[in-house]
Each structure stands twice: as structure tokens, then as C-alpha cells.
**Q** 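Questions regarding the structure given below will be posed in turn.
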Amino acid sequence: MSLDLTGDLVTLFRAVVDIESVSGGETRLADEVDTALRAFPHLRVIRDGDTVIASTHLGRAERVVIAGHLDTVPLAANLPSRQEGDLIYGRGTADMKGGVAVALACAAELGEPNRDVTWIFYDHEEVAAEENSLTRVSREHPEWLAGDFAVLMEPTGAKVEGGCQGTLRFTVTTTGVAAHSARAWLGHNAIHDAGELLTRLAGYEPRTVEVEGLTYREGMNAVAISGGIAGNVIPDACTLTVNFRFAPDRDEAEALAHCRELFEGHELTFIDFALGARPGLDRPIAQEFLTAVGGRARAKYGWTDVARFSALGVPAVNFGPADPGKAHADDECCPVADLHTCRDALLRWLR
Ligand SMILES: [Zn+2]
């Protein structure tokens with residue numbers, strides 16, 4: 001079955017959903033997307049691994065990048081898709097095959113867009129950042145991602161979400177002295193010492209901060225704790241893993257310093273780091289987008305690939321169908337109305 005980009009949008013959406021594409025298994029869907037897009041002479045199509053990039057070259061004054069990932073998290077017995085009233089259920093319906101279907105339909109329909117458009121369908125988003133194909137493309141072919149403005153079609157309930165928060169993870173370890181628990185006074189319990197770290201976290205008051213008119217709420221949370229080797233041994237180490245989600249007004253140095261300050265007196269080991277993205281809504285092209293799609297922007301809480309575009313100097317927003325709260329859920333779903341809202345908005349903006 002091949003994808004019909006010019007037919008009914010809901011049929012196209014369900015066809016995209018029903019081609020299973022858990023991260024690492026996107027080839028079949030990428031093949032279908034590739035084949036479908038090549039049927040349109042107004043698009044120049046590049047295939048790089050399982051990433052498909054289709055672009056117009058009309059010599060317009062501005063170029064817009066519209067991107068979506070093809071992969072999903074693993075299934076939870078939630079394929080094939082099914083419809084209940086206005087909702088379509090199934091893995092990937094929220095995150096983010098609605099955005100993919102809308103982008104495909106618009107790529108086909110916009111033969112002469114008022115701005116040149118680069119449509120990007122990429123793989124390996126739901127896994128580690130090094131595996132994300134946008135990491136490879138931005139390193140090897142940054143020119144493919146070039147543009148004046150980018151829209152990432154991650155689920156936002158068809159609202160515009162500007163920028164994104166940064167995220168970092170670190171571990172902090174308390175150390176003690178191992179001993180038989182029957183003679184605990186010969187040792188020192190590292191898990192008990194971790195209590196003081198947890199107290200600091202429990203008392204932490206996260207900031208709520210306004211950046212370019214959008215309100216961001218930060219969070220500093222323990223996400224894992226481990227320690228102890230047996231039921232009769234005083235543990236000599238306890239490791240706490242902490243995730244800090246921070247507003248895009250903090251740079252790397254500031255975010256790291258903030259964590260070190262909170263855990264003063266302890267050594268922190270940073271595991272991963274991803275900078276946030278300023279919303280970039282002060283730019284005229286962003287304002288034109290907002291006017292065309294209608295409504296105001298709100299802050300994005302998760303980390304998304306908008307930060308990657310932002311790092312390349314391309315302001316980016318999230319705008320796509322489905323409630324982001326349903327992403328990765330077993331009852332993942334997308335309202336049919338959101339698909340039409342997003343498609344109509346993009347067509348209004350680019351026609
Ligand atoms: Zn996603």
C-alpha cells in the first residue's frame with residue numbers, strides 16, 4: 001500500500017500510523033514517504049539513511065523548515081490504529097504521526113508556496129541524542145537545515161509552543177564504609193547520608209521565569225536512586241540521579257553552576273546536557289506565522305529538536321496535532337479536528 005498524499009487527510013494519517021516505525025525500524029515508512037514525495041515535480045527529494053528531505057526551490061526571499069520525526073516509542077499492543085468518535089488511537093498518533101501526515105499533505109499541495117519550504121522527515125528521535133539523525137545531518141549537511149524559521153510538528157494540541165526548556169542530568173554519590181549489618185557501628189551508612197541530599201531537593205523552590213513573553217516553570221527532581229549490595233551489608237555508596245529542567249534564559253555554565261550550588265559540598269557527575277531554546281518570537285517571520293495560524297504562543301516544557309535549530313541560528317517553534325500529554329501513553333490518540341486545524345493553518349501561512 002502506498003501513501004496517497006492528495007486524498008483524505010484522516011486516511012493518510014491512519015496509513016502513516018499503521019506502518020509500524022519504532023526507532024531503528026523506520027526504513028519501511030521512510031521508503032513510503034520517499035516514494036510518495038518523489039511523485040511531485042515541485043519537490044527536490046534527498047534520502048539520507050532513513051531521513052527524507054523534500055524542498056522547493058522557487059527563489060523566494062525566505063525559507064521555512066518544517067520537520068517531523070518518523071519514529072515512535074515501542075508498541076503497547078496499540079496498533080493498528082482505531083477510531084472512536086473524533087479520536088484516533090494507536091502508537092504514534094500523538095507523537096507525532098499527525099504532524100507527519102499534515103506535513104506530507106501540505107508538501108504535496110503547496111506547489112507554489114509563498115516562501116521556499118524544506119520538509120524534513122527524520123529517524124531516531126525517540127532515542128539518545130547521538131542516534132538522532134538530525135544530529136548527523138546538522139553535523140554533515142547543516143545547509144540542508146538552513147532557513148529563516150522552523151516549525152517542528154511535535155504535538156502541541158494545535159497551539160504554538162515557543163522555544164523549549166533545557167535539560168541536564170547528573171549523579172551525586174555519598175560514600176560510607178561497608179560492614180556487616182550485625183556490627184553496623186564498624187561501618188558508615190551511605191544511604192542514610194543520602195537523606196540529606198533528598199532534603200535539599202525536597203526543599204528546592206523551582207523558578208518560574210518569563211522569557212520573551214512566555215512563562216517557563218523549572219524543575220529539579222531526583223529520578224533514580226541506587227545503593228546497597230546485600231541485605232546484611234551496610235552500604236558504602238549511594239548514588240542519586242537528578243534531572244534539572246531549566247528555562248532558556250540559562251546558558252550551560254549557569255545551569256551547571258546552579259546545580260553545583262544546590263549540592264554544595266558534594267561532587268557532581270554530569271551525564272548529559274541539552275540547552276534550551278529561546279522562543280525567537282520577537283522576529284517578524286515568527287509574528288507572521290502566529291498571525292497566520294491564529295492565537296498566541298505558550299511556553300514548551302519538554303526538550304525538543306527546536307533547540308537543535310536554535311543552535312544553528314534558526315528560530316523554531318513547536319506546532320502540531322494532538323495533546324502532548326498523550327505522547328508515549330498506552331492510550332495515545334489524536335483528535336481528527338487537530339489534523340485539519342494544523343493543515344489549514346500551514347496552508348493559510350504558506351499559500
Ligand atoms: Zn516526538
Side-chain angles (χ1 to χ4, degrees), residues 13 16-26 29-30 33 49-53 65-76 78-79 81 88-104 106 119-138 145 150-167 243 245 272 274-277 298-311 314 316-335 338-339 341-343 346:
F13 172 54
V16 170
V17 170
D18 288 337
I19 300 173
E20 187 187 317
S21 57
V22 176
S23 309
E26 299 96 330
L29 180 56
V33 165
D50 282 334
T51 289
V52 182
I53 300 178
V65 179
I66 299 180
H69 61 83
L70 296 173
D71 59 320
T72 70
V73 296
L75 307 195
N78 50 2
L79 278 188
S81 62
I88 294 171
Y89 287 87
R91 176 58 77 225
T93 48
D95 191 6
M96 55 167 286
K97 290 184 168 180
V100 167
V102 166
L104 287 170
C106 291
W119 306 93
I120 302 181
F121 303 92
Y122 61 105
D123 56 288
H124 284 90
E125 192 274 344
E126 299 287 7
V127 285
E130 321 79 79
E131 290 179 59
N132 186 322
S133 70
L134 276 193
T135 305
R136 179 185 75 244
V137 171
S138 61
L145 307 183
V151 178
L152 212 65
M153 298 204 72
E154 291 278 1
T156 61
K159 304 278 192 301
V160 179
E161 294 187 341
C164 76
Q165 305 227 104
T167 177
N243 181 209
R245 298 279 173 159
D272 58 13
L275 211 52
R298 60 186 185 196
K300 180 74 182 173
Y301 286 122
W303 191 89
T304 77
D305 279 319
V306 294
R308 215 177 282 281
F309 285 101
S310 164
V314 185
V317 296
N318 299 279
F319 173 70
D323 174 359
K326 287 290 179 192
H328 304 189
D330 289 356
D331 64 342
E332 197 172 338
C333 60
C334 178
D338 279 14
L339 299 171
T341 301
C342 289
R343 180 185 60 180
L346 288 187

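Both ligands and their constituent atoms are indexed starting at 1 by order of listing.
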**Q** Which heavy atom in M153 sits nearest to a heavy atom in P321, and how many Å separate them?
**A**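 Reported closest heavy-atom pair: CE-CD, 4.4 Å.
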**Q** Who are the salt bridge (charged side-chain N to carboxylate O under 4.0 Å, His left out) partners of D305, not counting sequence neighbours?
**A** R308
**Q** Of all residues at least two apart in sequence or in a different chain, which pass the salt bridge (charged side-chain N to carboxylate O under 4.0 Å, His left out) check with D50?
**A** R47
**Q** Report the residues that fulfil side-chain contact (heavy atoms from CB on, under 4.5 Å) with E126, sequence neighbours left out, ordered by chain and then residue number.
**A**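 S23, H69, D71, V73, D95, H328.
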**Q** Restricting to non-hydrogen atoms, name the atom on V314 and the atom on L145 that form the minimum distance, rounded to 0.1 Å.
**A**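 Heavy atoms of V314 and L145 come nearest at CG2-O, 4.1 Å.
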**Q** For T156 and N318, does a side-chain donor sit closer than 3.5 Å to a side-chain acceptor?
**A**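 T156 vs N318: no donor-acceptor pair found between side chains.
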**Q** Under 2.8 Å from the Zn ion (ligand 1), protein N/O/S atom count?
**A** 4
